[in-house]
Engineer: 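Sharing a structure below in C-alpha cells format, with a few things to ask.
Positions are given from 1 along the sequence.
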Amino acid sequence: TRVTWMLYMMCLVLLLVNHVAACVWWSLGTRRYESCDGEVHSGWALNDEVLLSDPDSASLQYARAAYWAIVTLVTVGFGDITPLSTPETLFTVAIMYLGGLVSCTIIA
C-alpha cells in the first residue's frame, strides 16, 4: 500500500542521512585544528577512549560515528561523544536542526 511505501522510503532516507552524517562526523573528528592562539587541538575521534582501545578497527570507527549520527538525528544526543572543535560544533548544530526537520516530517 501507499502508507507502507512511504514508511519504507522514510526509513531509507533516514539511513542514508545517517550514513552521510557519520562519514562527515568521522572526517571532522580525525583532524587536528589550530586555535587562534596557535595551539593544536585534536578532533573527537583522536580523543575517544573507546577508539583508542582499538584504533585500527574500521567497524568500530564506523559504529562510533554512526552511533553519534543516529543519536543526534533522533534526539539531542547523549553527550558521551561531543564536539571538540568549532567545525564539529557547527556540524552538530546542523545535524540537530536536520533531525528536528526529520522528526516533524515523520509526525506530520
Engineer: Nearest 0.5 angstrom please: M96 CE to L101 CG, how far?
Structural biologist: 14.0 Å
Engineer: Report the residues that fulfil side chain to side chain contact (heavy atoms under 4.5 Å, CB included) with T30, sequence neighbours left out, ordered by chain and then residue number.
Structural biologist: W26, A45
Engineer: Can you list everything that forms a side-chain hydrogen bond (donor to acceptor under 3.5 Å, both in side chains) with T82? Sequence neighbours excluded, please.
Structural biologist: none
Engineer: Test of understanding: with side-chain hydrogen bond (donor to acceptor under 3.5 Å, both in side chains), list the residues that count as partners of S27, not counting sequence neighbours.
Structural biologist: R31
Engineer: Partners of W68 by side-chain hydrogen bond (donor to acceptor under 3.5 Å, both in side chains), sequence neighbours excluded?
Structural biologist: T72
Engineer: Examine V50 and V71 and state if one hydrophobic cluster contains both, with Ile, Leu, Val, Met, Phe, Trp and Tyr joined whenever side-chain heavy atoms are less than 4.5 Å apart.
Structural biologist: yes
Engineer: Do side-chain atoms of E88 reach the backbone of L84 as a donor and acceptor pair under 3.5 angstrom?
Structural biologist: yes
Engineer: Going by side-chain heavy atoms closer than 4.5 Å, which hydrophobic residues are tied to M9, directly or by a chain of links?
Structural biologist: W5, Y8, L12
Engineer: Between V102 and L7, is there shared hydrophobic-cluster membership here, with clusters defined by ILVMFWY side-chain heavy atoms closer than 4.5 Å?
Structural biologist: yes
Engineer: Between OG1 of T92 and CD1 of I81, what distance do you get to the nearest 0.5 Å?
Structural biologist: 10.5 Å
Engineer: Using the rule that Ile, Leu, Val, Met, Phe, Trp and Tyr join whenever any side-chain heavy atoms are under 4.5 Å apart, tell me whether Y67 and V74 fall into a single cluster.
Structural biologist: yes
Engineer: Side-chain polar contacts of residues 13-25 - donor-acceptor pairs under 3.5 angstrom, sequence neighbours left out - could you list them?
Structural biologist:
residue, atom, partner, partner atom, Å
N18, OD1, I70, N, 2.8
H19, ND1, Y62, OH, 2.9

Engineer: Among residues at least two apart in sequence or on other chains, which ones pass side-chain hydrogen bond (donor to acceptor under 3.5 Å, both in side chains) with D54?
Structural biologist: none
Engineer: Taking side chain to side chain contact (heavy atoms under 4.5 Å, CB included) as the test, write out the residues that go with L46, two or more places apart.
Structural biologist: R32, S42
Engineer: Could I get the full list of ring-ring contact (aromatic ring centres under 6.0 Å, His included) partners for Y97, not counting sequence neighbours?
Structural biologist: none
Engineer: Restricting to side chain to side chain contact (heavy atoms under 4.5 Å, CB included), what partner residues turn up for T4, sequence neighbours left out?
Structural biologist: T1
Engineer: Can you list everything that forms a side chain to side chain contact (heavy atoms under 4.5 Å, CB included) with P87? Sequence neighbours excluded, please.
Structural biologist: L28, Y33, S85
Engineer: Any side-chain to backbone donor/acceptor pair from Q61 onto P55? Under 3.5 Å, distance only.
Structural biologist: yes
Engineer: Once rounded to the nearest 0.5 Å, what's the spacing between atom CZ of R64 and atom CG of L51?
Structural biologist: 6.0 Å
Engineer: Under the 4.5 Å side-chain heavy-atom rule for ILVMFWY, direct or indirect, which residues accompany V40?
Structural biologist: none
